[in-house]
Amino acid sequence: MRFLILHGPNLNLLGKREPQIYGHSTLKEIDAELQALAAAHNAELRCFQSNFEGALVEAIQQAAEDCDGIVINPAAYGHTSIALRDALLAAQLPTVEVHLSNLAKREPFRRQTLISDVAVGSIVGFGALSYSLALTALLQIATAQSTRSGEQ
Ligand code: DQA
């Protein structure tokens, strides 16, 4: 199985960007941890970060062709992007939304995302661990789905 790990704008700055909110792990470290988790489950990951909405849309469209699920931290685009929402709806892949920070404890404009109701679920507030929890959930969901489709 193959999964897309998608990181939205400004997440390339993790480690030095507001560490009191987003923690000290860099994106490279987070991706390496996810790669190890995936390898332990015989799964393959494609990790991609962009500061551009269209590039994120294209990555989702590509995943629809060759992946079994998506973990997405849409970052600020989660609060604004109908395009990302539509791309996820079109892809019809099991998707888990991630946020490092607990959005419920932050500014009111962060409390809603346009992604949460098109995702299977959201994991927020656990820092870098949010990603591992999300991938763990996705591995289980995708495995259950492929077992079910194999039975049909
Ligand atoms: C974030 C939360 C968003 O509100 C913010 O714009 C980000 C990061 C998080 O991981 O906590 O860039 O998605």
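The analysis underlying the following values was restricted to heavy atoms, covering all of them including side chains, and did not include hydrogens, waters or symmetry mates. As the structure lists them, so they are numbered: ligands from 1, and atoms in each ligand from 1.
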Pairs where residues 60-84 contributes a residue and the test salt bridge (Lys or Arg N to Asp or Glu O under 4.0 Å) is met, not counting sequence neighbours: R46-D66
Y77: which residues meet the ring pair (Phe, Tyr, Trp, His ring centres under 6.0 Å) condition with it, sequence neighbours left out? none
Greater than 12 external heavy atoms within 6.0 Å of E33's CD: no
Under a plain distance cut-off of 3.5 Å, with no hydrogens placed, do D31 and H7 share a side-chain donor-acceptor pair? yes
Give, for atom CZ of R85 and atom OG of S116, the distance between the pair rounded to the nearest 0.5 Å. 8.5 Å
In chain order, what residues pass the ring pair (Phe, Tyr, Trp, His ring centres under 6.0 Å) check against H99, with sequence neighbours excluded? none
Identify all pairs of nitrogen or oxygen atoms, one from ligand 1 and one from the protein, separated by less than 3.5 Å, and list them with distances.
| unit_1 | atom_1 | unit_2 | atom_2 | d |
| --- | --- | --- | --- | --- |
| ligand 1 | 4 (O) | H79 | NE2 | 2.7 |
| ligand 1 | 4 (O) | R110 | NH1 | 2.9 |
| ligand 1 | 6 (O) | A76 | N | 3.2 |
| ligand 1 | 6 (O) | R110 | NH1 | 3.0 |
| ligand 1 | 10 (O) | N73 | ND2 | 2.9 |
| ligand 1 | 10 (O) | L100 | N | 2.7 |
| ligand 1 | 11 (O) | L100 | N | 3.2 |
| ligand 1 | 11 (O) | S101 | N | 2.9 |
| ligand 1 | 11 (O) | S101 | OG | 2.6 |
| ligand 1 | 12 (O) | R17 | NH1 | 3.1 |
| ligand 1 | 12 (O) | R17 | NH2 | 2.9 |
| ligand 1 | 13 (O) | N73 | OD1 | 2.9 |
| ligand 1 | 13 (O) | H99 | ND1 | 2.7 |

